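These numbers come from a predicted model, not from an experiment.
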Amino acid sequence: AGAGARDVLDVLAARCNVGACAVNMGDMGVGEKEFDIVGRLIRKKSGSRATRRELLANSYMGIICRVRGEYPEAEEHYKKALKSCVQLKDHEGIANQLGNIGILYRHTGDHPMAYRSLNTCLVYSERMGYRDGIRFSCENIYGMLTGTGQKSEARKFKELYSSRYPGLDL
């Protein structure tokens with residue numbers, strides 16, 4: 001990937017794109033290979049473009065590790081991605097990584113931490129009007145509440161957020 005590119009950061013962008021496509025198609029092995037290469041090459045670069053490539057690689061490696069059940073490694077990658085978002089002042093990225101961490105905790109069965117992370121994602125997304133973050137966190141909080149048998153809380157949550165955000169289909 002990126003064989004014709006002259007700039008290392010362009011090569012890394014191409015590898016990130018190939019890795020993202022692979023993960024989205026369910027090929028975690030190809031995704032991991034591409035993001036490992038990004039991780040090795042990124043150490044030679046600095047600046048916001050390099051940080052963005054590193055952020056993407058860590059976020060996707062978090063997904064790969066989570067899917068494989070490698071939860072501590074997934075958490076490490078997500079926290080690195082979150083740190084990059086803070087460094088870049090990427091507020092939507094911060095919300096996305098908080099959501100990813102919440103999903104990770106949901107998969108580990110740590111529902112209090114999952115709720116805390118997803119709720120932080122929700123509040124943070126609301127403050128900046130980030131509709132994708134609001135939708136993501138609401139869907140996952142509602143799903144977690146219903147999945148853990150908290151039907152009354154789920155109903156109240158659905159009523160509150162459906163009225164606050166018409167069109168939010170929980």
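- Identified under the ring pair (Phe, Tyr, Trp, His ring centres under 6.0 Å) test for residues 140-168, with sequence neighbours left out: F157-Y161.
- The cluster map of Ile, Leu, Val, Met, Phe, Trp and Tyr, joined by side-chain heavy atoms under 4.5 Å apart, puts Y71 and V67 in the same cluster.
- Contact annotation: the side chain of L104 never approaches that of N100 to less than 4.5 Å [non-hydrogen atoms, C-beta and beyond].
- Interatomic distance, NZ of K158 versus CG of L168, reported as 10.0 Å (0.5 Å rounding).
- Side-chain contact of H91 with Y124: a donor-acceptor pair under 3.5 Å is present, judged by distance alone.
- How far OG of S152 is from CD of Q150: 9.5 Å, rounded to the nearest 0.5 Å.
- Taking each heavy atom of G31 and I64 in turn, the nearest pair found is C-CD1, 3.7 Å.
- Inter-residue side-chain proximity for Y105 and H111 is flagged as unmet; no heavy-atom pair is nearer than 4.5 Å.
- One hydrophobic cluster holds both V86 and L98 under the rule that ILVMFWY side chains link at heavy-atom gaps under 4.5 Å.
- Taking the side chain as every heavy atom from C-beta outward, E126 and R164 approach each other to under 4.5 Å.
- Cluster membership check: L122 shares its hydrophobic cluster with L145, using side-chain heavy-atom separations under 4.5 Å among Ile, Leu, Val, Met, Phe, Trp and Tyr.
- When all heavy atoms are compared, the tightest approach of I42 to A50 is CD1-O, 3.3 Å.
- R135 and G167 get closest at one heavy-atom pair: NH1-O, 3.8 Å.
- A donor-acceptor contact shorter than 3.5 Å is absent between the side chain of S117 and the backbone of A114.
- Under the side-chain contact (heavy atoms from CB on, under 4.5 Å) criterion, Y115 pairs with N119, I141, M144, not counting sequence neighbours.
- With values rounded to the nearest 0.5 angstrom, R131 atom CZ is found 9.5 Å from C138 atom SG.
- Under a hydrophobic clustering in which Ile, Leu, Val, Met, Phe, Trp and Tyr are joined whenever their side-chain heavy atoms come within less than 4.5 Å, directly or via other members, L56 and I103 fall into different clusters.
- In this structure, the separation between NZ on K33 and CZ on R15 is 6.5 Å, given to the nearest 0.5 Å.
- Scanning both residues, V8 and K45, for their nearest heavy atoms gives CB-CE, 3.8 Å.
- Within the 4.5 Å cutoff, no side-chain heavy atoms of E34 are placed close to those of Y60.
- When every heavy atom of I134 is checked against every heavy atom of S137, the shortest pair comes out as O-OG, 3.2 Å.
- Each of H77, E75, E76 was checked for a side chain to side chain donor-acceptor pair (under 3.5 Å) with K79, and the lone residue meeting it is E75.
- Note that OG1 of T148 is 8.5 Å distant from CZ of R106, once rounded to the nearest 0.5 Å.
- Between the side chain of S162 and the backbone N or O of E159 there is no donor-acceptor pair closer than 3.5 Å.
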Please tabulate, one pair per line, all N/O donor-acceptor pairs under 3.5 Å involving side-chain atoms of residues 17-27, not counting sequence neighbours.
from, atom 1, to, atom 2, distance (Å)
N17, ND2, A13, O, 3.4
N24, ND2, A20, O, 3.1
D27, OD1, G29, N, 3.4
D27, OD1, V30, N, 3.1

Subject >> D132 vs E92, side-chain contact (heavy atoms from CB on, under 4.5 Å): CA-CA, chis, key distance, verdict >> reply: CA-CA 9 Å; D132 289 341; E92 290 180 2; over 6 Å; no

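- Between Q97 and L55, some side-chain heavy-atom pair lies under the 4.5 Å cut-off.
- For R49, the CZ atom sits in a packed shell: over 12 heavy atoms of surrounding residues, nucleotides or ligands are nearer than 6.0 Å.
- Scanning all heavy atoms of the two residues, the minimum distance from G62 to A74 falls at O-CB, 3.4 Å.
- To the nearest 0.5 Å, atom CG of residue D10 and atom CZ of residue R53 are 7.0 Å apart.
- Linking ILVMFWY side-chain heavy atoms closer than 4.5 Å, directly or via other members, places I94 and M128 in a single hydrophobic cluster.
- The side-chain heavy atoms of M61 and D36, taken from C-beta on, include a pair separated by under 4.5 Å.
- For the pair N58 and F35, the minimum side-chain heavy-atom distance is 4.5 Å or more.
- Contact check for E32 versus R68: side-chain heavy atoms found under the 4.5 Å cut-off.
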